[in-house]
Structures are given as structure tokens and as C-alpha cells.
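Predicted model only: the values in this text are computed from it and were never measured. In what follows, residues are counted from 1 in the order of the sequence shown.
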Amino acid sequence: MTKVDPYLHAVLLLHGAGKEVTKDSLISVLKSAGIEADEAKAKVLSEAVKGANFEDLLKNATAVVAAPVA
């Protein structure tokens with residue numbers, strides 16, 4: 001099984017809950033999961049996803065996963 005970054009899980013959780021993805025909200029979600037959050041990483045990630053269209057990203061990811069294997 002491939003390990004997925006918990007920071008990315010936190011971003012998707014916040015998006016799915018309709019919450020803004022900020023450094024503080026990421027840290028809060030990670031702490032709730034028992035993960036010691038890196039504030040610098042949370043800040044960089046929250047800045048990187050500002051303005052991202054998650055619906056399009058998730059549609060594209062689903063299309064890749066659903067693509068048949070040759």
C-alpha cells in the first residue's frame with residue numbers, strides 16, 4: 001500500500017467540509033489525528049492550494065484511477 005501524505009489528507013478533509021485551508025486549520029486537523037505538524041510545511045501547502053479548483057483536480061484524479069489497464 002502506498003503511503004499518502006497526511007497533509008494532503010488534511011487539505012482534502014478541509015475542502016470536503018467546506019472549510020478554508022489555512023496553516024492553522026491544517027495544523028488543527030493534523031493535531032486531531034495525533035500528528036505533530038510542521039508549521040512551515042503547513043504554511044507552504046496552504047499557500048500552494050489557494051485558488052485551486054479542487055473539483056477539477058478530483059475529477060481528473062478519478063479519471064486516471066478509473067482508466068482501464070491495457
Could you grab the distance from atom [atom1] of [X] to atom [atom2] of [Y], nearest 0.5 Å is fine?
X: Ile35; Y: Tyr7; atom1: CD1; atom2: OH; answer: 7.5 Å
X: Ile27; Y: Lys43; atom1: CD1; atom2: NZ; answer: 11.0 Å
X: Leu45; Y: Lys23; atom1: CG; atom2: NZ; answer: 13.0 Å
X: Lys41; Y: Asp5; atom1: NZ; atom2: CG; answer: 4.0 Å
X: Leu26; Y: Glu20; atom1: CG; atom2: CD; answer: 10.5 Å

Shared hydrophobic cluster, Val44 / Val11 (ILVMFWY, side-chain heavy atoms < 4.5 Å): no

Minimum heavy-atom distance between Leu30 and Pro6, given as atom pair plus value: CD2-O, 3.6 Å

Results of side-chain hydrogen bond (donor to acceptor under 3.5 Å, both in side chains) for Lys31 - residues two or more places apart only: none

Under the side-chain hydrogen bond (donor to acceptor under 3.5 Å, both in side chains) test, residues paired with Ser25 that sit two or more places apart: Thr22

Donor-acceptor pair, side chain of Ser32 and main chain of Ser28, under 3.5 angstrom: yes

